Amino acid sequence: MAQGEGAPRQRVLAAFAARHEARTLVSTALGTPDFDDLCWDLYPRVTRRYEADEAFSARRTEVLHAMEAGFSPDLTLPAAIASLLSVPGAGDGRPGSPVGQEGEDSRLSTPNRSGGGSDPGPRTPDPGAVARVAAAVAEANLRCHLITMGRLGVAYDVLPHESDILGRGFWKRAFELLQDSGAIRLETEGKNAGCWVMSLAESPEFAGMADADKILVRSNGIVTYTGKDIAYQLWKLGLLRDPDGTLHDFGYRPFARWQQAGPAAEVRYGTEGRELERTSADPAERPAGDTFGAGTRVYNVIDVRQSYPQKVVKEAIRVLGYPEAAEASVHFAYEMVALTPAAVKRLEATSGVSFGLSDEDLAKPFIEMSGRRGIGVEADALLATLVSEAGRAIAARQGEGVAPAALGERARAIAVGALRYQMARQSRNRVLAFDFDEALAFEGDTGPYLQYSAVRARKIFDKLAEHGLAGSAAEDAAAAGGLELPDGLWELVLACGRTDEMVAKAVSSLEFSLLASHAHDLAMLFHKLYHDNPVLHAPDEATRVLRRAVFRLFATTITDILEELLGIPVPAEM
RNA sequence: GCACCGGUGGCUCAAUGGAUAGAGCACCUGACUUCGGAUCAGGCGGUUGGGGGUUCGAGUCCCUCCCGGUGCGCCA
C-alpha cells in the first residue's frame with residue numbers, strides 16, 4: 001500500500017490516516033507483522049540517526065515539547081494529518097531519509113536500511129497536530145500491547161493516562177498538600193535554584209546520600225515524573241482531597257470490551273463482554289459501575305531499578321502525614337529480564353542486524369535488553385515460535401488426525417504454559433537471563449510437564465467413565481475413609497494439603513515462584529505414582545477407590561493452581 | 001563513593017535457621033504387549049565465592065573481604 005506519489009513522510013502519514021480510519025492499524029492475528037513491530041524496527045534506526053545527525057536530534061526536542069503541550073480535544077486525527085500534509089515540502093523525499101520505500105508490505109511501509117542524510121527537513125509546523133499524531137501512535141501501540149497480553153490470558157480493568165494526572169489537576173492539589181505540610185521547599189540558590197525539592201535528609205532510608213534532595217518541579221516550572229507519581233499514588237490511596245473533603249478522581253471513558261472463557265483462557269477484545277475503561281480529564285465522564293482508586297493497600301508492580309523513585313513516593317506519603325498509608329504502599333519489585341549472549345547472537349543471526357556489541361559485552365553473563373538499540377525478544381514472535389513448536393510436538397505424538405482448530409487451541413495452551421512457567425519459576429529478585437533453548441524446552445522442569453500431569457490425571461477419569469467406574473468425590477471420601485494409604489499416595493495427599501499454606505506464603509512474601517515450585521512438586525509426585533498405581537486395572541476394588549480418591553484430589557488441586565493462580569491453561573489433550 | 005540485589009555440581013535454578021543441600025538440562029545405563037514415554041527407575045557430578053562469628057544446629061543470621069549486576073537525572 002501507500003505506493004502513491006509524494007515524499008516518504010507524506011505517504012506514511014496518508015497511509016497511517018487511511019489505516020486508522022479503516023481500523024486496520026492493529027492486527028489481532030498472531031504471527032503477522034503488526035504496528036508495534038514496525039515501531040520496534042523504527043526505534044533503533046531513529047535513535048542511530050539522532051546520534052549521527054545533530055540537526056535531526058533537535059527535532060526530537062521539538063516533538064517532545066509538542067507532546068507535552070498537548071492538543072485540543074476537538075482536533076481529529078484526519079484534521080491533524082491534513083494539517084501536517086499541507087505544509088509545503090513536508091518530506092525531503094531523498095532515499096537516505098529514515099523512512100523509505102521498498103514496495104508492498106503489510107505494514108505502513110518498510111523502512112529503508114541505509115543511513116540518513118543530514119537535512120532534517122522543515123521545522124515542526126503544527127505542534128498540536130504532532131501531539132495528536134503522537135497520541136494515535138501511542139494508542140495503536142497500547143492496543144497491540146493489550147492483544148499481546150490477552151494472548152497470555154492477562155486482562156485489564158482501567159488504563160490510567162499520565163496526561164490525565166495533570167489534566168485532572170491531581171498534581172496541582174498534590175503540590176498544595178506538599179507545600180502545606182512543609183515537605184517541599186523552593187530552592188533560591190545552589191545548583192537546584194528555582195526548583196521545588198523534597199528533602200530526604202531526615203529520613204533514615206536515605207541517610208548517607210550525597211544529595212538527599214529530590215527535585216519535583218524543575219526550574220522551568222514543569223513537574224518531574226516523580227512528582228506526578230506522588231500525585232498518582234495519593235489518588236491510588238484515596239488521599240487526594242480538597243479542603244472540604246471532596247475526593248479527586250479521574251474521568252473515565254470506555255476504551256474496549258473483552259471476554260475470557262476461563263481463568264487462563266485467551267482474552268479477546270471485541271464488541272461484547274466486560275468493559276475496559278481509560279481515564280479522561282473530564283470528571284463528568286463516569287464509568288458504568290466500577291470505581292477505581294482509593295485502595296487500602298497499593299502494590300506497584302515495577303522493575304527493581306525503580307526502587308529509588310518508589311522510595312521517594314512512599315516517603316512523600318509518609319511526610320504528608322499518612323504513615324499507615326505509606327506502609328500500605330508496596331513496591332512489588334522484580335529483577336529485569338535480560339538476554340544470554342547466545343540469545344543475542346541468535347537474534348543477530350536471525351535479523352541480519354548487528355547490535356554492535358563489544359567482546360567485553362558479549363563476555364558478560366547476560367545482556368540488558370534495549371528498545372533503543374533494538375536488542376530484545378518480541379513477545380509475539382516468541383509466542384508464535386512456541387505455538388508452532390508445540391503444534392509440531394502434538395502432531396508428532398498424536399499423528400495428523402487432530403482437527404486444526406483443536407490443535408491450534410492446544411498448541412496455544414502449551415506455548416502459554418511454557419512461557420508463563422518459565423517466568424514464574426524463578427524468584428523475582430534474580431535476573432532472568434533469557435535463553436531460547438530453555439524457553440522452547442517442553443520436557444523436564446517446564447510448564448508442559450505440569451500441564452501433562454493434569455491432562456494425564458484427567459485421562460484416568462475419562463477411562464474410568466467409559467467403564468462406568470468414575471465414582472464421585474463423595475463416594476471416594478466415604479469409601480477411602482476407613483482404608484490405610486500406602487506411603488507414596490499419602491505423600492501426594494499431604495502435598496496437596498499444603499497448598500493453602502503455600503499460597504499464603506507466596507502472597508505474604510510476594511514470591512510466586514513458591515507456587516510454581518509447589519505445583520512442580522505435586523506433578524512430580526503424581527508422575528512417580530502414575531506408573532505403579534493403575535486405577536482402571538487396579539487389583540481390587542478397595543485399591544481402585546483409594547487410588548481414584550487420591551488422584552481426584554491431585555487433579556483438582558493441580559488444575560486450580562495452574563489455571564486460577566498461575567494463569568497456565570490446562571489443554572484438553574497434548 | 002553510598003545503597004540495593006545476586007554468587008549453590010559443566011549449565012539454568014530450588015531450599016519458613018532444622019533430616020543425607022534438592023530439581024531440570026547435559027552425559028551414561030535401563031523401563032510397563034495394561035489409564036498416553038512431554039513420563040518413570042538408576043548412575044555421574046557439591047568442602048553452597050573467601051575468612052571470621054552467633055547457635056544444640058547456618059546455603060540461610062551478623063561482621064569482613066572478593067567477584068558480578070543495578071540504582072543514586074531539572075529522563076520517563
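These numbers were taken from a predicted model, which means no experiment stands behind them. Residue numbers begin at 1 in each chain, while the letters A, B, ... track the order of the sequences.
The listed nucleotides are G24(B), C74(B), C72(B); the one nearest the side chain of Y308(A) is C72(B). When the nucleotides A76(B), G69(B), A38(B) are ranked by their closest atom to the side chain of K364(A), G69(B) comes out on top. You'll find that the side chain of Y452(A) is closest to G37(B), out of C74(B), A76(B), G37(B). Closest to the side chain of R397(A), out of G36(B), U39(B), A14(B), is G36(B). The listed nucleotides are U16(B), U70(B), C5(B); the one nearest the side chain of R305(A) is U70(B). Closest to the R425(A) side chain, of the nucleotides A38(B), G69(B), U12(B), is U12(B). Comparing atom distances between the R456(A) side chain and each of C35(B), G37(B), C13(B) picks out G37(B) as nearest.
The CG-C1' distance, from D303(A) to G71(B), rounds to 10 Å in whole Å. With rounding to whole Å, M336(A) atom CE is found 18 Å from C4(B) atom P. Taking atom CD of Q310(A) as the reference point, atom P of C72(B) lies 13 Å away to the nearest angstrom. In this structure, NE2 of H65(A) is placed 12 Å from C1' of C75(B), rounded to the nearest angstrom. We find that OH of Y449(A) is positioned 7 Å from P of U39(B), with the value rounded to whole Å. Atom-to-atom, NE2 of H331(A) to C1' of A3(B) comes out at 15 Å; the value is rounded to the nearest Å. Remark: P of U16(B) and CZ of R498(A) are 13 Å apart, rounded to the nearest angstrom. When rounded to the nearest whole Å, the span between CG of L216(A) and P of C75(B) equals 12 Å.
For the residue pair H527(A) / Y452(A), no side-chain donor-acceptor distance below 3.5 Å is found, with atom types taken as modelled. T226(A) and D229(A) share no side-chain donor-acceptor pair at under 3.5 Å. Side-chain N/O atoms of Q422(A) and T446(A) include no donor and acceptor closer than 3.5 Å.
Side-chain to base pairing of Q398(A) with G36(B): one donor and one acceptor N or O lie within less than 3.5 Å of each other. Judged by atom type and distance alone, S219(A) reaches the base of C74(B) through a side-chain donor-acceptor pair under 3.5 Å. A donor-acceptor contact under 3.5 Å is not formed by the side chain of E68(A) with the base of A76(B).
Residue R430(A) places none of its side-chain N or O atoms closer than 4.0 Å to OP1 or OP2 of G69(B). Between U16(B) and S509(A), no contact under 4.0 Å exists linking OP1 or OP2 to a side-chain N or O. Proximity of N220(A) to the phosphate of C74(B): no side-chain N or O atom is located under 4.0 Å from OP1 or OP2. When the side-chain nitrogen and oxygen atoms of R428(A) are compared with OP1 and OP2 of C5(B), none of them lie within a distance under 4.0 Å. Put simply, R458(A) has no side-chain N or O that comes within less than 4.0 Å of OP1 or OP2 on G36(B).
Nucleotides G24(B) and G42(B), compared at atom P, are 11 Å apart to the nearest Å. When the P atom is compared between G51(B) and C5(B), the two are found 23 Å apart, to the nearest whole Å. Remark: the separation of the C1' atoms in G9(B) and U39(B) is 25 Å, to the nearest Å. With both ends at atom P, the span from U54(B) to A21(B) equals 24 Å, rounded to whole Å. Rounded to whole Å, the C1' atom of G59(B) lies 7 Å from the corresponding atom of U8(B). Taking atom C1' in both G7(B) and C65(B), the straight-line distance is 14 Å, to the nearest Å. Comparing the C1' positions of U20(B) and G52(B) gives an interatomic distance of 27 Å, to the nearest angstrom.
Between F250(A) and F170(A), the ring planes are tilted. Angles from 30° to 60° get that label. Between F551(A) and F526(A), the two ring planes are perpendicular [angle over 60°; tilted spans 30° to 60°].
Heavy atoms of Q306(A) sit under 4.0 angstrom from at least one base atom. Here A193(A) lies in heavy-atom contact (under 4.0 Å) with a base. Here E501(A) lies out of heavy-atom contact (under 4.0 Å) with every strand. Looking at heavy-atom distances under 4.0 Å, I414(A) makes contact with a base. Across all strands, S427(A) comes closer than 4.0 Å only to sugar-phosphate atoms, never to a base (heavy-atom distances).
Listed in residue order, the members of residues 516-544 of chain A having a heavy atom less than 4.0 Å from RNA chain B are H520(A), M524(A), H527(A), K528(A), Y530(A), H531(A), N533(A), P534(A), V535(A), L536(A), H537(A).
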- Annotated structure of RNA chain B as dot-bracket, pair cut-off 3.5 Å, Watson-Crick or G-U only, | for inter-strand, is (((((((..((((....[...)))).(((((.......))))).....(((((..]....))))))))))))....

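Not one N or O on the side chain of R372(A) forms a donor-acceptor pair closer than 3.5 Å with the backbone of T47(A). At least one donor-acceptor pair closer than 3.5 Å links the side chain of R397(A) to the backbone N or O of A393(A). With hydrogens and angles disregarded, a donor-acceptor distance shorter than 3.5 Å links the side chain of T559(A) to the backbone of A555(A). Formation of a donor-acceptor pair under 3.5 Å by the T340(A) side chain with backbone atoms of F434(A) is found in this model. With hydrogens and angles ignored, the 3.5 Å screen pairs no side-chain donor or acceptor of R552(A) with any backbone N or O of A457(A).
Along RNA chain B, the nucleotide closest to I215(A) and the one closest to I394(A) are compared, and the more 5′ of them pairs with I394(A). Mapping K311(A) and I460(A) onto RNA chain B via the closest heavy atom, the residue that lands nearer the 5' end is K311(A).
Between R428(A) and E335(A) there is no salt bridge, since none of the side-chain N atoms of the basic residue sits less than 4.0 Å from a carboxylate O of the acidic one.
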- Task: Step by step, work out the salt bridge (charged side-chain N to carboxylate O under 4.0 Å, His left out) result for E315(A) and K214(A).
- Result: CA-CA 11 Å; E315(A) 179 63 9; K214(A) 176 65 192 172; over 6 Å; no

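Within 6.0 Å of atom CD in E541(A), more than 12 heavy atoms from other residues, nucleotides or ligands are found, so the atom counts as buried in its surroundings.
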